[in-house]
Amino acid sequence: GAGKTTTIRVLLGLLRKNSGTVKIFGMDAWKDSVEIHKRLAYVPGDVHLWPNLTGGEVIDFFSSLRGGYDKQRQKKYIQMFDLDPSKKCNTYSKGNRQKVGLISAFASDVDLMILDEPTSGLDPLMMNVFYILIMRSFVKAIPDSISESAKVDGAGDFTIFIRLIFPLLKPGLASIGLFIALDYWNDWYNAMLYINNHKLYPLQYLLYNMLNTMEALTRISIATGISL
């Protein structure tokens with residue numbers, strides 16, 4: 001309820017701001033949204049896909065929108081997230097739909113990645129894969145010259161890691177901690193599995209049921225033509 005998703009949608013040019021200035025890469029988020037999207041990847045908390053396309057076709061399509069991609073890197077991420085790309089998207093669970101979004105984002109060579117609760121619906125093993133990729137991104141961003149100059153001065157690998165590399169990784173560790181905290185706060189899946197007493201249901205599970213009920217009523221209304 002803090003407005004983070006709304007803020008992200010303004011940044012992506014999906015919503016028009018009421019006032020102020022919003023720029024990404026020095027470009028206006030609303031007027032230059034097409035050019036901006038060529039350089040960024042976005043994964044929402046609930047990925048919606050085309051039901052008649054396979055997961056692999058959706059990944060290829062998203063990647064092609066950004067002007068090309070590495071097919072081998074794409075295959076590597078598909079294996080890491082244990083996704084079957086040959087299945088139709090309408091057969092995917094929420095967790096598998098999230099995998100499609102994450103694979104499309106990580107397989108693309110972009111300057112900015114915007115993640116809005118991207119691990120929602122993922123099982124713990126796949127969440128660990130995501131955390132590893134986040135930390136690897138932070139490690140790859142550290143210039144090699146830092147460790148090379150330290151070695152010239154006589155520092156060993158352990159000293160370089162503890163005194164130089166580890167402090168630079170703190171933002172990555174903080175990001176993972178934030179994702180874990182958000183997942184814990186928004187968790188409804190474990191309640192569905194293990195809690196039978198309705199008096200003990202957490203707020204997130206009740207809200208999840210309310211949203212599902214509203215979506216079901218909307219679909220029924222559309223299918224029958226009856227206004228509910």
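We count residues from 1, following the sequence as given. Side chains are part of it too, since the values below use all heavy atoms of this structure and drop only hydrogens, waters and symmetry mates.
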Exercise. Start with the C-alpha distance between L125 and D82, add both sets of side-chain angles, then the distance that settles side-chain contact (heavy atoms from CB on, under 4.5 Å), and finish with yes or no.
Key: CA-CA 10 Å; L125 181 60; D82 193 24; over 6 Å; no
Practice problem: Mark yes when over 12 heavy atoms from residues, nucleotides or ligands other than K17 sit less than 6.0 Å from its NZ; otherwise mark no. | Solution: yes
Quiz prompt | Under 3.5 Å donor-acceptor, S147 side chain and D144 backbone | solution = yes
Quiz item: Would H37 and L12 count as a side-chain contact (heavy atoms from CB on, under 4.5 Å) if you check the C-alpha gap in whole Å, the side-chain angles of each, and the deciding distance to 0.1 Å?
Solution: CA-CA 8 Å; H37 277 254; L12 293 171; 4.0 Å; yes
Practice problem: Kindly give the heavy-atom pair with the smallest separation between I146 and L168, and that separation in Å. | Solution: CD1-CD1, 3.9 Å
Quiz prompt | Greater than 12 external heavy atoms within 6.0 Å of K87's NZ | solution = no
Quiz item: Residues in side-chain hydrogen bond (donor to acceptor under 3.5 Å, both in side chains) with S86, at least two apart?
Solution: D84
Quiz item: After noting the C-alpha distance and the side-chain angles of L115 and F130, does the key distance pass the side-chain contact (heavy atoms from CB on, under 4.5 Å) rule?
Solution: CA-CA 11 Å; L115 308 174; F130 171 75; 3.7 Å; yes
Quiz item: Within the distance-only criterion (no hydrogens, no angle test), does the side chain of D153 pair as donor or acceptor with the backbone N or O of A155 below 3.5 angstrom?
Solution: no
Quiz item: Which heavy-atom pair separates S33 from G13 by the least distance, and what is that distance?
Solution: CB-CA, 4.3 Å
Exercise. With the side chain counted from C-beta on, respond yes when Y77 and L102 share a heavy-atom pair under 4.5 Å apart, and no when they do not.
Key: no
Exercise. Kindly assign one of parallel, tilted or perpendicular to the pair W50 and F62, based on the angle between their ring planes and the thresholds 30° and 60°.
Key: tilted
Quiz prompt | Short N-O contact, E35 and K38, less than 4.0 angstrom | solution = yes
Practice problem: Determine whether M210 and T213 make a side-chain contact, defined as any pair of heavy atoms from C-beta on separated by less than 4.5 Å. | Solution: no
Exercise. Indicate yes or no: at least one non-hydrogen side-chain atom of T54 is less than 4.5 angstrom from one of K88.
Key: yes
Quiz prompt | Summary of salt bridge (charged side-chain N to carboxylate O under 4.0 Å, His left out) pairs that have at least one residue in residues 113-122, sequence neighbours excluded | solution = K4-E117
Quiz item: With side chains defined as the heavy atoms from C-beta onward, is the minimum distance between K23 and D32 less than 4.5 Å?
Solution: no
Quiz item: Looking only at atom types and distance, does a side-chain atom of T218 sit under 3.5 Å from a main-chain N or O of M214, one as donor and one as acceptor?
Solution: yes
Self-check item: Atom CZ of F25 with >12 non-hydrogen neighbours under 6.0 angstrom
Solution: yes
Quiz item: Checking side-chain contact (heavy atoms from CB on, under 4.5 Å) for the pair V58/C89: CA distance, chi angles, key distance, verdict?
Solution: CA-CA 9 Å; V58 172; C89 291; 3.6 Å; yes
Quiz prompt | Any Y92 side-chain heavy atom under 4.5 Å of V47 side chain | solution = no
Exercise. For residues W30 and V22, determine if any side-chain heavy atom of one lies less than 4.5 Å from a side-chain heavy atom of the other.
Key: no
Exercise. Would you mind listing every salt bridge (charged side-chain N to carboxylate O under 4.0 Å, His left out) that reaches into residues 90-107, with sequence neighbours excluded?
Key: D46-K94, D46-R97
Quiz item: Within a strict 4.5 Å, meaning less than it, do heavy atoms of the Y42 and I8 side chains meet?
Solution: yes
Quiz item: Does atom NZ of K76 have more than 12 heavy-atom neighbours from other groups under 6.0 Å away?
Solution: yes
Self-check item: Greater than 12 external heavy atoms within 6.0 Å of R163's CZ
Solution: no
Quiz item: Is there a donor-acceptor pair under 3.5 Å between the side chain of Q74 and the backbone N or O of F106?
Solution: no
Self-check item: Any side-chain heavy-atom pair of K71 and D60 under 4.5 Å
Solution: yes
Quiz prompt | Backbone of L122 reached by a side-chain donor or acceptor of T119 within 3.5 Å | solution = no
Quiz item: Should the heavy atoms of other residues, nucleotides or ligands under 6.0 Å from CG of N18 be counted, would the total exceed 12?
Solution: no
